[in-house]
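Heads up, the thing below is written out as structure tokens.
Reminder, nothing fancy here: chain letters follow the sequence lines and each chain counts from 1.
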Amino acid sequence: MIEVKNLYKSYGRADNIIALKGVSFTVNDGEIFGVIGPDGAGKTSLFRILASLILPDSGSAIMNGHDVVKDYKTIRQIIGYMPGRFSLYQDLSVEENLKFFATLFGTTIEENYHLIKDIYRQIEPFKNRRAGALSGGMKQKLALSCALIHKPEILILDEPTTGVDPVSRKEFWDMLARLKEQGLIILVSTAYMDEAGRCDRIALIKEGEFIATDTPQGIIDNYSGVLWAVQGSRMSVILHELRAHHLIKSSFAFGDKIHITVDEGLQAEELKQYLINKNFEDVNVFPIEPTVEDCFMALTN
Amino acid sequence: MRFSENLPVKQKDFKMKQFIAFVNKEFLHIIRDNRTLLIIIGIPIVEILLFGFAINMEVQNIKVAFYDPTPDSVTQGISERIKQNPYFSNMGNAQSMDEMEEAMRKGKLDLAVVYQQNFQENLVHSGQAAVQLLANSSDPNRGSIAATYASAIIAGYQRDNMDLVQIPFQIQTENRMIYNPLMKSSYMFVPGIMGLVLMIICTIMTSVSIVREKERGTMEVLLASPLKHGTMVFAKTIPYMVISFIDFIIILLLSYFVLGVPVNGSLILLFLVALIYISLTLTYGLTVSTLVDKQVNAVIFSAITAMIPVLMLSGMIFPIDNMPGVLRSLSVIVPARWFIEAVRKVMIQGQGFFMIWKELLIMIGMTLFLLLLTVANTKKRLE
């Protein structure tokens, strides 16, 4: 179990860059907890504090009974940490990297092979290839194998899927789901809102603050307001037009659609006619279910 | 706590395995990086060839002493002229040849002026007298220039007095270069190159290899593991220590077989000197690594604080005695100065342990100081 209370962290000569402004949360055993937010929101600072790599200015974090400041030596034995950047030795082969990290934690590949079997099997055919020559997805699999080889109690993964192709991203989350079944606590951060659904619970982080902590469904259920999608050609011109409309509260480009929140008074058919009158003939307006990203946008606006 | 169940029993074994795995990893880094390999093998060879041509320089503050078994007006006249010359500084009169040689061996003397017995008498009766100039050519440039200056002064004295008394006489000067009779400049630069190459390999390579881990983010993973910082740092130094010894042997072989520089003293003692200096420069590399975060800064910092002083202030190129006072005092803190002095004494002059203990002690002291500084600067975390 992880108990985090009121963590503060600031950087800079005059402590003028505030990374964390009083973050609190708990994570239960066998849970995947996602910290979701844009770059620079404070995710890496939070994870580094939990990995005992930096000190918080104030507040506390207890992981499975060990304080991240006082008991940092124990923390470093029970966690598996994967930094945001690929941090293995690029000039060593896949197998050499794994062997090195196994020895570092006082174990061997053979002893704990069962833990990483699912993941390592996929890169084992390339075990003599240098880590630097692997694809993004394979690098992540190797990094995860290295973080798991010593049978950690808590996995801390800082943006593990950044720069990884969509297929490998899906595979990666499938692996985390299987690891969770073995009772591991998994703490994972991401800037991809669509990955939120793979977590048991998520925290939305913005500018060093948790703006919501709940299950992904709980966060969506809490969404209040009317959400529509607008579809059509000449999207950027439409977006411009929508932003000028006085009954539309917000509008964001969202893949091939525009998501808009509107005043209760406006009807979808009414808006469609309005846009057709403005010479956007092929336009379509329809209500949609909110996603985590819509919730994030609503909460931060 | 699953991890702690069988830890105490395995602890020692586990630490040793960690250490070996780390040393092994470091060797792999070196072997797989062609540029590093090129530097390691290329530097000693290139340096030896580069410095093959010595640079001529003005020599000042030549320490001179006189041995005059039968003082008379002519010998005193010559001695007085040498003493008054601005290039010489008088170290006094010796009572015996042994005393003179002893002073020279200790490096307290650059030039000895030895007069023949009954100098004036010989000059008056036979019109000929001999004076011997013994120059210390451990530094060949300095030795030869000292002897040339003294010969010129004696010739001047002779010329002046010939005019006055109208007696045709001749003073013969005989120059003898000791310790380096063939006046090879290689005798001087070989110890310097050893000092330089070991400094480059140990300080720059070690600091860069640690800083690289910081820059590439692998330090983050290492810090988040149970690896002790001391184990890591010690493991980092091992491959560079091995490589330094290989380079030291390469230079020694090149010097001996290609340049013909003799090894007059004990080879074991020479290796002891090298071991102490290598430890010192490795420790300095560790100190640098605690001060910078980027590889390029590590190189610049090492170059400015380690390489340039070796070139400028160690006595490798510019004799320490010719330096202005401030620089001469500054040279005291340059590790290579003590290494070069010790190597010259052992390798060229063939002296024993009791003539170099001071240099060794200074280097050991410097190592301990830097070690304390490194430990004090070492961080358990990222910031």
Let me see the working for B/Ile20 and A/Thr103 under side-chain contact (heavy atoms from CB on, under 4.5 Å), right down to the final yes or no. CA-CA 9 Å; B/Ile20 292 167; A/Thr103 317; over 6 Å; no
Return the minimal non-hydrogen interatomic distance between [X] and [Y], and the atom names on each side.
X	Y	value
A/Leu53	B/Glu220	CD1-CG, 3.5 Å
B/Thr218	A/Ser87	CG2-O, 3.3 Å
A/Ala51	B/Ala224	O-CB, 4.5 Å

Mind ranking [options] by heavy-atom pairs under 4.5 Å with chain B and telling me who comes out on top?
options	answer
A/Gly65, A/Pro83, A/Cys146, A/Ala147	A/Pro83
A/Met82, A/Arg85, A/Gln90	A/Arg85
A/His150, A/Arg130, A/Lys99	A/Arg130
A/Phe101, A/Tyr72, A/Phe86	A/Tyr72
A/Phe105, A/Tyr81, A/Tyr89	A/Tyr89

Mind checking the [atom1]-[atom2] spacing from [X] to [Y]? Nearest 0.5 Å is all I need.
X	Y	atom1	atom2	value
B/Leu227	A/Phe100	CG	CZ	6.5 Å
A/Ile49	B/Leu382	CD1	CG	11.5 Å
A/Ile54	B/Leu223	CD1	CG	12.0 Å

Which bit of B/Phe22 is near chain A, if near means a heavy-atom gap under 4.5 Å: side chain, backbone, both or neither?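 Both parts, heavy atoms under 4.5 Å.
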Per-residue contact mode, [X] against chain B (heavy atom under 4.5 angstrom):
X	value
A/Leu88	backbone
A/Ile156	neither
A/Tyr11	side chain

With a 3.5 Å distance limit and no angle check, can you tell me whether A/Arg76 reaches the backbone of B/Pro226 through a side-chain donor-acceptor pair?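 Flag not set: sc A/Arg76 to bb B/Pro226 has no pair under 3.5 Å.
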Residue [X] excluded, over 12 heavy atoms near [atom1] under 6.0 Å:
X	atom1	value
A/Tyr113	OH	yes
B/Phe245	CZ	yes
B/Phe369	CZ	no

Tell me whether A/Glu96 is salt-bridged to B/Lys25, with the criterion being a basic N under 4.0 Å from an acidic carboxylate O.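 A salt bridge is absent here (no side-chain N lies under 4.0 Å from a carboxylate O).
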Heavy-atom check, side chain of B/Val221 versus side chain of A/Leu104, under 4.5 Å: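 Side chain of B/Val221 against side chain of A/Leu104, heavy atoms only: no contact under 4.5 Å found.
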Which residue out of B/Arg216, B/Lys379, B/Lys17, B/His29 racks up the most heavy-atom pairs below 4.5 Å with chain A?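 Result: the option with the highest number of such pairs is B/His29.
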